[in-house]
Enquirer: 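This structure is in structure tokens; I'll ask about it shortly.
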2 protein chains.
Amino acid sequence: MTVDHDADVPVYQQIAHIIKARIDAGQIAPRRRIPSESTMVQEFGVARVTARRAVAYMRQQGWVYTVPQRGTFVSEPEDEEPAGS
Amino acid sequence: MTVDHDADVPVYQQIAHIIKARIDAGQIAPRRRIPSESTMVQEFGVARVTARRAVAYMRQQGWVYTVPQRGTFVSEPEDEEPAGS
DNA sequence: ATTGATTTGTTCGTATGTATT
DNA sequence: TAATACATACGAACAAATCAA
């Protein structure tokens, strides 16, 4: 997954949704660490500020929580919407 | 040798070139250790991140190699360009 | 075997300046 | 003007490995 600088959606949101997709796909379980800022810098070829904004955005969405000097982790499932049918 | 924060060249590159000059001057021989990160912090009055960037830059240039938990050392001379005259 | 100092590795937090749209 | 994004730099904390006493 890469990032498109010429898209309507800001790069930091693109990154946030890419990570979110991995979470939803079960590739990163609750309480597990998401990629560090510098990892995102390398993986997506963006500046660190942008990676930070992506994390801040994910935090804002309630998807993750950050522990200073430790990392950012996937949030506990809040209260699952019951699977349909 | 000190560092100029108002120069065009980034501080980390300035430090890298200062160390390189010492290597070229024979003050630090191949296989010998260059100053540690915390030494550079003290000597140049910069943050450790900046010292680390200087080392990373030198590594990138092929001037040095780093052994984790041991230090950073001057690279072996590749293939000397024959001394002129 | 233990302790303490040293050294690199890694992480998030913060600030400034610049450029582009 | 405001939002986005990049580069640089300092700060703080902790981990882990090495080495010497």
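Quick note on labels: first sequence line is chain A, next is B, and so on, each numbered from 1.
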Enquirer: Strictly below 4.0 Å, heavy-atom distances to any atom of DNA chain D: list the hits from residues 14-22 of chain A, or just say none.
Expert: none
Enquirer: Transitively linked via ILVMFWY side-chain contacts under 4.5 Å: V64(B) with I28(B)?
Expert: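 V64(B) clusters together with I28(B).
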Enquirer: Do you know which two heavy atoms are closest between V67(A) and F73(A), and how far apart they sit?
Expert: CG2-CE1, 3.7 Å
Enquirer: Would you say that T72(A) contacts M58(A) through its side chain, given a criterion of any heavy-atom pair below 4.5 Å between the two side chains?
Expert: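 Answer no - side chains too far apart.
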Enquirer: How long is the straight-line distance from CD1 of I19(B) back to CZ of R22(B), given to the nearest 0.5 Å?
Expert: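 Spacing of CZ (R22(B)) from CD1 (I19(B)) equals 4.5 Å.
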Enquirer: On DNA chain D, reading 5' to 3', which nucleotide is the first and which the last to sit with an atom under 4.0 Å from a heavy atom of chain A, could you check?
Expert: dT4(D) to dA13(D)
Enquirer: Heavy-atom contacts under 4.0 Å between residues 30-42 of chain B and DNA chain D, which residues?
Expert: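 When residues 30-42 of chain B is checked for heavy atoms under 4.0 Å from DNA chain D, there are no hits whatsoever.
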Enquirer: Should we say atom CZ of R33(B) is surrounded by more than 12 heavy atoms from elsewhere, each under 6.0 Å from it?
Expert: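 Above 12, so yes.
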Enquirer: Between CD of Q42(B) and OG of S36(B), what distance do you get to the nearest 0.5 Å?
Expert: 7.5 Å
Enquirer: Please answer: with hydrophobic residues joined when any side-chain heavy atoms are less than 4.5 Å apart, are M1(B) and Y57(B) in the same cluster?
Expert: yes
Enquirer: Hey, can you pull the residues of residues 60-72 of chain B with a non-hydrogen atom under 4.0 angstrom from DNA chain C?
Expert: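 By residue number: T66(B), P68(B), Q69(B), G71(B), T72(B).
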Enquirer: To the nearest 0.5 Å, what is the distance between OG on S38(A) and CZ on R48(A)?
Expert: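 Nearest 0.5 Å value for the OG-CZ distance: 8.0 Å.
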Enquirer: Checking D4(B) now: which residues fulfil side-chain contact (heavy atoms from CB on, under 4.5 Å) with it, not counting sequence neighbours?
Expert: D6(B), A7(B), Q14(B)
Enquirer: Mind checking the CZ-CZ spacing from R52(A) to R59(A)? Nearest 0.5 Å is all I need.
Expert: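 Reported value, rounded in 0.5 Å steps: 7.0 Å.
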Enquirer: How long is the span from the NE2 atom in H17(B) to the CD atom in Q61(B), to the nearest 0.5 Å?
Expert: 6.5 Å
Enquirer: If I compare all heavy atoms of Y12(B) with all of T50(B), which pair ends up nearest, and what's the gap?
Expert: CB-O, 3.7 Å
Enquirer: Mind checking whether I23(B) and S75(B) have side chains closer than 4.5 Å, heavy atoms only?
Expert: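 Contact flag for I23(B)/S75(B) side chains = no.
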Enquirer: How far does CD1 of I34(A) sit from CD of Q27(A), to the nearest 0.5 angstrom?
Expert: 13.5 Å
Enquirer: According to a 4.5 Å side-chain heavy-atom criterion applied to Ile, Leu, Val, Met, Phe, Trp and Tyr, with indirect links allowed, do V41(A) and I18(A) form part of one hydrophobic cluster?
Expert: no
Enquirer: Which of residues 47-57 of chain A have a heavy atom under 4.0 Å from DNA chain C?
Expert: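 Residues of residues 47-57 of chain A that come under 4.0 Å of DNA chain C are, in numerical order, R48(A), R52(A).
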